[in-house]
J.: 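Dumping the structure here so I can ask a few things about it.
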Number of protein chains: 2
Amino acid sequence: MVRGALATLLGLEDDLEVVAEAGDGAQAVATAIAIRPDVALLDIEMPGKDGIAAAAEIRAAVPECKVMILTTFGRPGFLRRAMEAGASAFLVKDSPAAELAEAIRRVLAGERVIDPGLAAAALSAGPNPLSPRERDVLAASVDGASIGDIAGQLHLSEGTVRNYLSAAIQKVGARNRIEAVRSAESQGWL
Amino acid sequence: MVRGALATLLGLEDDLEVVAEAGDGAQAVATAIAIRPDVALLDIEMPGKDGIAAAAEIRAAVPECKVMILTTFGRPGFLRRAMEAGASAFLVKDSPAAELAEAIRRVLAGERVIDPGLAAAALSAGPNPLSPRERDVLAASVDGASIGDIAGQLHLSEGTVRNYLSAAIQKVGARNRIEAVRSAESQGWL
DNA sequence: GGTTCTGGATGACAAAAGTCACATGGTGAC
DNA sequence: GTCACCATGTGACTTTTGTCATCCAGAACC
């Protein structure tokens, strides 16, 4: 519904044309390759996951297509990863609707558009302090899995899982697994 | 942005007029009382919380104003509470945008509009099994608080908190606190 | 060749978390 | 007036977590 509404809205602008819509990441990549649009506007939270991966794929397959990220949660880590994936813009959905069309025009003109408050947050937060393995273990514990579950799922010994979790908890400055997960999630580190 | 886009979209319909917009629950209630619209379209997740409470207040203060809930997460418990608050419609944002205007017309004609899949889920899930106090304790533990923290926050002894938590975990069929929180949240029981 | 880093593992230990049994008041329903 | 819950509390007990020290193998780097 949101996508449809935004598409209709953008279609009302004289100088913009919505050439396609897609419901998930994979479909977005396929459509971008087929249509070769000037710009692709992607969300991060999508069914089938990861608008950032989709962004990277589109950049690789269709270099002349600028990629813009429009997302609900302005997490510093998301911004960082989006930029690394070659995105030209990073906007959050709580800015006014009029800004969207304006941002698209600026991107088409070659500018990069980044929510200023978010840019500051991303710079002050610093990079993801978690090692890849710590990230895996923390990510595997989001929905209440026990140490044993995580160990089985990741083919590690329980002791190792405990160690990684302990390290992750310290690094993010949390007091236990749950706080660590919340905190890492809110920074976009998972 | 989403609100603005939907408002513009609805404004394009010949027979509908958007008379106001509000950014949070309190403002929505105040505006509804001032403007006395035919229908109010509310989200549940709002800054300042709880579109369902706002719905109930609007129903009480402006009885001729129908209240519709449009939300991202179609949780059975949300639907139940929305209906108890006197809502005339409960829609989820992943239905097509065209349906929204149609739903508004049906509500204005006196019908109740409910997402059918969600209605089934709400009926099969049954009512919230948690006692109010169990709900409080579980809700207080969402972001990683320890038993001691919760006890202090709710002015209970640690043993009592443990007992409530244990009961809640059993009732929702979870294996630990985190699973219980996730599960209760996904049902809309918190 | 030595140093350092990372991924992985073990064992020990303390601190939480979770379970159980049981006790006491209060509130409604029948 | 009894019965069934609820909210609240205690104490004992087991299981899970989280922390720490220490170890080993491979890769990278100088």
J.: Here's a test of your reading of the structure: between P132(B) and G159(B), which maps to the more 5' nucleotide of DNA chain D?
T.: P132(B)
J.: Which heavy atom in L16(A) sits nearest to a heavy atom in A101(A), and how many Å separate them?
T.: CD1-CB, 4.1 Å
J.: Given 3.5 Å as the limit, does a donor-acceptor pair link the side chain of R106(A) with the main chain of V113(A), or not?
T.: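 A pair under 3.5 Å: no.
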J.: Report the residue (Y164(A) or A174(B)) whose heavy-atom-nearest nucleotide on DNA chain C is the more 5′ of the two.
T.: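 Result of the comparison: Y164(A).
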J.: With a non-hydrogen cut-off below 4.0 angstrom, is N163(B) in contact with a base, only sugar-phosphate, or nothing?
T.: base
J.: Using the rule side chain to side chain contact (heavy atoms under 4.5 Å, CB included), only one of D94(A), V2(A), L70(A) pairs with M1(B); which is it?
T.: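 Looking at D94(A), V2(A), L70(A), the match for M1(B) under the side chain to side chain contact (heavy atoms under 4.5 Å, CB included) is L70(A).
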J.: Less than 4.0 Å between a side-chain N and a carboxylate O, is that true for D43(A) and K93(A)?
T.: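 Salt bridge flag = yes for D43(A) with K93(A).
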J.: Tell me, please, the opening and closing nucleotides of DNA chain D, 5' to 3', among those with an atom under 4.0 angstrom from a non-hydrogen atom of chain B.
T.: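 That gives a stretch of dA7(D) to dA12(D).
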J.: Report the residues that fulfil salt bridge (Lys or Arg N to Asp or Glu O under 4.0 Å) with E84(A), sequence neighbours left out, ordered by chain and then residue number.
T.: none
J.: Over all heavy atoms of both residues, which pair between E134(B) and A168(B) is shortest? Give the atoms and the distance, please.
T.: CB-CB, 4.5 Å
J.: What is the 5' to 3' range of DNA chain C, first to last nucleotide, that sits under 4.0 Å from any heavy atom of chain B?
T.: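 From 5' to 3', the first and last contacting nucleotides are dA17(C) to dA21(C).
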J.: Decide yes or no on side-chain contact (heavy atoms from CB on, under 4.5 Å) for I169(B) and Y164(B), but give the supporting numbers first.
T.: CA-CA 8 Å; I169(B) 290 167; Y164(B) 282 145; over 6 Å; no
J.: Nearest 0.5 Å please: distance from the OG atom of S146(B) over to the CD atom of E179(A).
T.: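 Reported value, rounded in 0.5 Å steps: 8.5 Å.
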J.: Classify S131(B) by what it touches in the nucleic acid, base, sugar-phosphate, or nothing, heavy-atom distance under 4.0 Å.
T.: sugar-phosphate
J.: Just call it for R162(B): base, sugar-phosphate, or nothing, with non-hydrogen atoms closer than 4.0 Å on any strand.
T.: base
